[in-house]
Amino acid sequence: MAQEMKPVRVRFAPSPTGYLHLGSARTALYDYLIARKTKGQFILRIEDTDRKRLVEGAEQEMMDNLHWLGMDWDEGPDVGGPYEPYRQSDRKQIYQEYGEKLVEMGCAYYCFCTPERLAKVREEKQKKKEPPHYDRTCRSIPLEEARERIAAGEPYVLRFKTPLEGTTVVKDLLRGEITFENKTLDDYILIKSDGWALYHLAAAVDDHLMKITHVVRSSEWLPTSPLHSLIHQAFGWEEPIWVHLSVLLKPSGKGKMSKREAAELSSEGHSIFIKDMANLGYLPEAVVNWVALMGWSYDDHTEFFTMQDLIEKFSLEKLNPSPAAINFSKLDHFNKLHIKALSDVKLAERLQPYYESAGIHAELPLLEKLAPIIKERIITLDEAVEMTRFFFTEKAAYTTERILMNGCSSEETITCGELVLSALNELEDWSIENLDLVVRGLMEKAGKNPRQFLGFIREAISGQKITPPLFESMEILGKVVVLQRLKDALEFIKASF
RNA sequence: GCCCCCAUCGUCUAGCGGCCUAGGACGUGGCCCUCUCAAGGCCAAAACAGGGGUUCGAGUCCCCUUGGGGGCACCA
C-alpha cells in the first residue's frame, strides 16, 4: 500500500507567452495529481514579469486548456486565494523589497554595466573558450557609491553575489544530490533595469511566500537550480523539494520540439498544443492518459487511466528522469480506448459538435443509436462524421464503378437489386436479425458471396466505401430510406450502363 | 568551450543483486475471424551502448569511455 503523503502545495507557473503545449500540460498534470492525491493545494501562478513577451489572450487560453483537460485549481488569479495576488505583474513591489533585502544582507549588488558592455564581455569570453559569464566588474563597487549613482539616475540591474568558492548542492527528488562548483556559476541578474524581477528572484520569493512545498518543473531549470537554492539559503528559507521533470523530445527522439517542427506536425494531423486537440478529434481523457505516461509509469501492465485512477495511483517517486520521445500513435491508441469506454449517451454528446462544425445538424437520439456501431471503428471523434455521412444526406452519392456488384454485369446487379428490393418491401419486422436472415437468404438463392451481395447493398444505401456494419445501418436508416436508396441505385445503374 | 542531466526492444517502459532463457504497451509483420472498415483472438521479429571493477552472483552498485539531451539572456 502506498504510504500517505502529507498535503502538498504545488504551483503551475506558466508565462503567458504562447499556447499550452504537451510539456507544460504534463507539468501541470503532475502538479494537479499530487495535489489532489495528498488533498493538498494546486495553485496557478502567472509568471508575466517579462512585459515584452506577453501574448494577448494567452493567459485565458491557457486556463481554458487546463480546464478542458479536466484540471481546476484551488488558488489562482481567477479564483483568488490566501496569498494573492497570483499574477507576478501585480507583485513587482514585493520582488523589489526582497531584492533590497539581499543587498542589505550582502548577497546582491547593483551593476551599472550597459548591455553593450555585457555583450562585449560575453564575446571575448567565448573567444577565449571560457564560460560566457559576467566579469563581475561592479561586484566591487562600494554600496554607498552605488546608491549615489542610482540616486543620480544611472540605470542599473541587481545581481546575485554568487559565492566564488565552494559548492552548491541541489537535492532533486528524482536524481539525488547534484553538486555544482560555485566558480562555474554566474552572478545572475535578479532585477532588470526596468525594475521587473527575473524568474529566479520572483519564483523564489513567491514559492516561499505561497508556502510551496514541491517545485515540479522542466529539467531545463536544472542548470540554474543552484541559484534558486542559493537565494532560498540567503534568506534563510527552507527550500521546497525540487522535482525536475525529464524533457519531452520530438517523435524522432532527437532533440527538443522546435517551433518549426511543431508547425510541420499539423500537416500530419498532429499537434503539441492542447488547444488543437479537440479539433483533431481527441478526447481530453485520452490526452491526459497519454501525457501522464510520458515519464511516469505505474506498474508493468496497467496503462489505461482515468483522471480518478491517476489521482489515486500517481506518485512522484515513479517519475522517470530520462528524456521521453513524443509518440503520437500511442495517443491514437488511448483515444480509441477512451472512446470505447464512453457510454453511448456520452459519446453522442461528444460527437455532436463535430457534426455541427461539418454543417450537419445531428439529433442526439440518432447519434446515440449510431454510437455503438461506430465506437469501435473510429480513432478520432471527427472520423465519425465521414463514416456516418450517408445517414444525414438526402441521397447516397454513387460513383460509377463501385455500384456494380463485384465481378458482375449491370444486368446481374439489377436482377439481384430488384430481388432485394421486393423482398425488403414485404418485410414487416425491420430488425437487424430479420434483415440479416432475409438478405442472406436472398444472397444464397442468387448464388453470390457476401462480398458481392452485401457489398452492393452497402454501396446502394450509403454510396460509401467505409461504413458501419450493414444490417445495423439499415435498421437505423429505416425501411423507407433503404427502399428509396435501393431504387435510386437501380435507376442509376440503368441510366449509366 | 564550460556546466549539468540521462542511458533496457524503433518508441514509452517494468526491473530498485539471485524470481530475467529480461516482462508489458504502442507500432510493425503473419495467421484466424469477417458484409466494407474496425474490433477481437493467436503468433512472430525486436533491447540491457562498450570496457573495467565490487560480489558466490550484476540489466540492477561503483568508475571510465561512448552516445543522447539540456543549459550558459536585462526569456521563462
Side-chain angles (χ1 to χ4, degrees), chain A residues 13-15 17 47-50 52-53 111 113-115 118-119 122 125-133 155-159 170 172 174-175 178-181 184-186 188-196 198-200 202-203 217-226 244 246-247 249 251-256 290 293-304 320-334 336 340 373-379 383 387 436 439-440 443 449-459 462 464-471 473:
Chain A
S15 69
T17 55
E47 312 231 318
D48 55 351
T49 54
D50 187 2
K52 293 188 296 289
R53 295 173 67 227
C111 170
C113 294
T114 62
L118 260 22
R122 197 161 28 238
K125 295 246 180 185
Q126 268 165 343
K127 215 180 285 175
K128 285 194 282 184
K129 307 264 189 214
E130 282 172 25
H133 290 163
Y156 66 96
V157 301
L158 189 71
R159 282 184 187 273
V170 177
D172 178 85
L174 309 181
R175 298 156 232 267
I178 304 169
T179 304
F180 296 83
E181 294 282 339
T184 66
L185 269 25
D186 203 352
Y188 304 92
I189 294 178
L190 263 19
I191 294 179
K192 298 187 276 181
S193 56
D194 61 8
W196 285 99
L198 247 21
Y199 172 91
H200 310 298
R217 47 154 56 157
S218 155
S219 62
E220 291 159 10
W221 291 109
L222 227 30
T224 40
S225 61
H244 291 95
S246 65
V247 276
L249 269 23
S252 65
K254 297 202 189 316
K256 265 206 323 184
W290 178 52
L293 258 16
M294 291 183 192
W296 177 82
S297 63
Y298 179 60
D299 55 26
D300 70 341
H301 61 273
T302 318
E303 281 207 331
F304 180 88
N320 190 153
S322 56
I326 297 167
N327 183 347
F328 287 103
S329 60
K330 198 101 182 188
L331 170 60
D332 284 347
H333 169 68
F334 283 123
K336 281 191 248 183
K340 267 203 272 188
I373 62 172
I374 58 172
K375 68 161 55 164
E376 283 197 340
R377 47 202 97 225
I378 55 172
I379 297 171
E383 290 173 354
M387 188 172 287
D436 193 317
V439 171
R440 280 187 199 275
M443 177 176 80
N449 62 37
R451 190 180 184 80
Q452 297 173 309
F453 207 76
L454 303 184
F456 162 70
I457 300 175
R458 172 189 316 286
E459 183 65 26
S462 73
Q464 293 181 193
K465 201 165 172 141
I466 298 170
T467 74
L470 183 59
F471 301 119
S473 298

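Computed from a predicted model, the values in this text were never measured in an experiment. Naming: A, B, ... by sequence-line order, numbering from 1 per chain.
- Remark: the Ser193(A) side chain and the rC74(B) base include a donor-acceptor N/O pair separated by less than 3.5 Å.
- You'll find that the side chain of Pro323(A) is closest to rC6(B), out of rA25(B), rC6(B), rU13(B).
- Distances shorter than 4.0 Å separate none of the side-chain N or O atoms of Thr184(A) from OP1 or OP2 on rC2(B).
- The listed nucleotides are rG71(B), rA25(B), rC37(B); the one nearest the side chain of Arg377(A) is rC37(B).
- Within 4.0 Å (heavy atoms only), Phe334(A) reaches no atom of the nucleic acid at all.
- Taking atom CG on Asn320(A) and atom P on rA25(B), their separation rounds to 19 Å, with Å as the unit.
- If you take CD of Gln126(A) and P of rC2(B), they are 13 Å apart, rounded to a whole angstrom.
- Nearest to the side chain of His200(A), among rC4(B), rA76(B), rG70(B), sits rA76(B).
- Counting non-hydrogen atoms under 4.0 angstrom, Pro468(A) reaches a base of the nucleic acid.
- Among the protein residues, Glu47(A) comes within range of the sugar-phosphate backbone only, with heavy atoms under 4.0 Å from sugar or phosphate atoms but none that close to a base.
- Considering only the side chain of Ile466(A), rU36(B) comes nearest among rA7(B), rG69(B), rU36(B).
- Counting any heavy atom pair closer than 4.0 Å across all strands shown, Lys125(A) reaches no nucleic acid atom.
- The residue Lys129(A) sits close only to the backbone: its heavy atoms come under 4.0 Å of sugar-phosphate atoms, none of a base.
- Across all strands shown, Val157(A) has heavy atoms under 4.0 Å from base atoms, whether or not it also approaches the sugar-phosphate.
- Residue contacts for Thr49(A): at a heavy-atom cut-off of 4.0 Å it reaches the sugar-phosphate backbone alone, with no base atom in range.
- Within 4.0 Å (heavy atoms only), Pro132(A) reaches at least one base atom of the nucleic acid.
- Residue Asn449(A) is out of contact with every strand shown, counting any heavy-atom pair closer than 4.0 Å.
- The CD-C1' distance, from Glu376(A) to rG41(B), rounds to 14 Å in whole Å.
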